[in-house]
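Residue numbers start from 1 in every chain, and the chains themselves are labelled A, B, ... in the order their sequence lines are given, proteins ahead of strands.
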Number of protein chains: 2
Amino acid sequence: MPMYRINFSEFFTSAFSVDCIIFGFSDSKIKALLIKRAMEPFNHFWAVPGDLVYPKEDLPEAAERILYELTGLKGIQMHQSQSFGNPERHPQGRVITVAYFALIKIDDFKIEASSWAEDIKWMAIDEIPALAFDHNHIIKSTYEMLKIKLANEPVVFDMLPKRFTLNQLQQLYEYASATEMDKANFRKKIKNIPLKAHNEKQQNVKHRPAKLFSFDSKKYISLSKDLNYRFKL
Amino acid sequence: MPMYRINFSEFFTSAFSVDCIIFGFSDSKIKALLIKRAMEPFNHFWAVPGDLVYPKEDLPEAAERILYELTGLKGIQMHQSQSFGNPERHPQGRVITVAYFALIKIDDFKIEASSWAEDIKWMAIDEIPALAFDHNHIIKSTYEMLKIKLANEPVVFDMLPKRFTLNQLQQLYEYASATEMDKANFRKKIKNIPLKAHNEKQQNVKHRPAKLFSFDSKKYISLSKDLNYRFKL
DNA sequence: GCAAAAGTGTTTGGATTACACCCATGC
DNA sequence: GCATGGGTGTAATCCAAACACTTTTGC
């Protein structure tokens with residue numbers, strides 16, 4: 001006689017949410033997009049944007065929805081980070097949260113506070129104040145995951161303008177890896193990464209303008225078919 | 001006037017579970033411990049051991065409990081994998097699951113089916129049949145995470161006997177990285193990893209017995225304090 | 001002695017590092 | 001011309017791959 005182990009309605013009393021850490025790059029720094037909450041709990045606290053998951057919604061869908069509601073951006077690749085389920089983490093009940101992160105080009109959209117936030121701001125990852133809930137912890141461990149991704153998958157280019165200089169790429173690399181590197185050596189290091197050089201230069205700089213590059217995703221895909229090739233930054 | 005966004009009891013209608021993928025190593029293969037379910041849903045299907053999380057229980061606690069109930073092992077480090085929340089994944093309601101994994105020494109315990117399983121078995125990672133729920137998917141993505149951990153943190157030693165031969169270490173490495181490697185070169189590759197050599201040899205082999213080694217975790221900890229040192233397998 | 005695996009040394013080519021130097025632009 | 005960063009070449013060094021060879025055990 002088969003038995004159902006789950007027959008206690010007491011188990012179906014929890015909620016879950018998705019929190020989205022949105023990373024961007026400007027002023028040589030990696031930043032996260034934070035909102036100032038305009039609701040309880042943690043009213044007026046800075047926080048990672050997040051929302052409860054709808055009953056019929058899958059997790060990646062929820063993450064995309066939150067990103068869209070916040071930035072108007074669609075079609076951005078989302079990456080799952082970790083889940084956090086401390087029973088005390090939410091004052092209103094048992095809510096576990098799944099953290100997702102997105103990498104976006106800061107210039108691609110205009111930030112504006114939505115109805116459920118009274119302010120919104122990019123904050124450099126090393127200048128983040130005390131946040132609502134366990135959000136400091138969530139950001140910290142998600143940033144660790146970001147760094148691993150950046151080193152092993154071609155996602156840096158999601159944070160850079162479509163056309164970027166090699167120096168921008170180097171600055172992003174140096175910030176994420178917390179190192180400094182010789183310019184010539186950096187260029188040798190990335191020579192396995194397929195970049196398209198354009199006949200176009202940086203504008204409005206008071207020194208020799210740098211050449212602009214873009215990531216050659218077509219070439220990357222064909223390279224990836226070779227099992228000996230592995231992206232490494 | 002502060003408003004609570006969460007005031008709909010309809011949100012607190014989901015449950016969550018923790019699934020534990022327990023990895024071990026024997027016969028030169030990485031294996032996972034699976035149970036044959038003795039309950040609905042998916043009665044008589046092979047599955048990853050898992051359970052609902054108790055209302056007052058944190059996620060890592062739940063993972064440790066499940067490991068203990070299944071193997072009797074305590075004090076094993078658990079690692080969080082990914083979460084899975086497809087609304088259709090559980091036939092009895094909305095259940096999202098957080099996958100955890102543990103690496104254990106297969107010889108350290110005797111497996112025996114518990115009350116909620118009719119059978120239990122180690123299965124090589126590339127010989128796993130169709131499982132209950134979305135468990136094939138869960139195992140696959142957790143195995144990918146395992147491979148990354150193995151390469152970057154000294155967790156291989158959790159899967160090997162306390163004293164092991166260099167060839168065992170190499171076989172585990174080769175299985176996980178799906179490569180073959182020259183013996184001499186492998187030994188050069190691992191010379192940064194702190195190992196203690198013992199005056200003890202393999203027994204009952206019909207060839208020259210190999211020396212036994214153990215991981216020198218004391219030395220590893222002091223090495224880790226040097227920011228230039230990074231474990232790499 | 002033979003089979004089988006343990007264990008070590010040498011050579012070579014490619015990648016990483018340190019460092020030096022030249023180039024283009026604005027003011 | 002000079003300040004500022006863009007861009008490149010060279011030599012020394014380290015590291016990984018290929019391969020050959022010696023050693024120790026059981027039978």
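- Taking atom CD on A:Gln168 and atom C1' on D:dG5, their separation rounds to 14 Å, with Å as the unit.
- Distance from the side chain of B:Lys211 is smallest for C:dG7 among the nucleotides D:dA18, C:dG26, C:dG7.
- Residue-level contact check: B:Ala210 touches the backbone only, with heavy atoms under 4.0 Å from sugar-phosphate atoms and none from bases.
- Summarising the geometry, the separation between CG on B:Asn199 and C1' on D:dT24 is reported as 16 Å, rounded to the nearest angstrom.
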### Task
For the pair A:Phe16 and B:Phe16, evaluate ring-ring contact (aromatic ring centres under 6.0 Å, His included) and give the outcome as yes or no after the intermediate values.
CA-CA 9 Å; A:Phe16 50 96; B:Phe16 48 96; 7.6 Å; no
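- For A:Asn185, whose side chain is taken as the heavy atoms from C-beta onward, the closest listed nucleotide among C:dC19, D:dT25, C:dT8 is C:dC19.
- A close approach under 4.0 Å does occur between a side-chain nitrogen or oxygen of A:Asn167 and OP1 or OP2 of D:dG6.
- In this structure, B:Glu69 pairs ionically with B:Arg65, as a charged nitrogen and a carboxylate oxygen lie closer than 4.0 Å.
- Closest to the side chain of A:Lys206, from the set C:dG9, C:dT17, C:dG26, is C:dG26.
- At whole-Å resolution of the value, CD in A:Gln170 and P in D:dT8 are 14 Å apart.
- Although no hydrogens or angles enter the test, the distance criterion places no donor-acceptor pair under 3.5 Å between the side chain of B:Asp216 and the main chain of B:Lys196.
- For A:Lys183, whose side chain is taken as the heavy atoms from C-beta onward, the closest listed nucleotide among D:dG6, D:dC19, D:dT25 is D:dG6.
- For A:Arg208 and C:dG26, the CZ to C1' distance is 14 Å, given to the nearest whole Å.
- Applying the side-chain contact (heavy atoms from CB on, under 4.5 Å) test between A:Phe23 and each of A:His79, A:Lys31, A:Met159 identifies A:Met159 as the sole match.
- Here D:dG6 presents its P atom at 12 Å from CZ of A:Phe186, a figure rounded to the nearest Å.
- Across the interface with DNA chain C, nearest-nucleotide mapping of B:Leu212 and A:Met181 shows B:Leu212 to be the residue nearer the 5′ end.
- Nucleotide D:dG5 holds its P atom 16 Å from the CG atom of A:Asn204, rounded to whole Å.
- Distances from the side chain of A:His207 to the nucleotides D:dT25, D:dG6, D:dG9 place D:dG6 closest.
- Listed nucleotides C:dT8, D:dG6, D:dG9 differ in distance to B:Arg187; the shortest reach to its side chain belongs to C:dT8.
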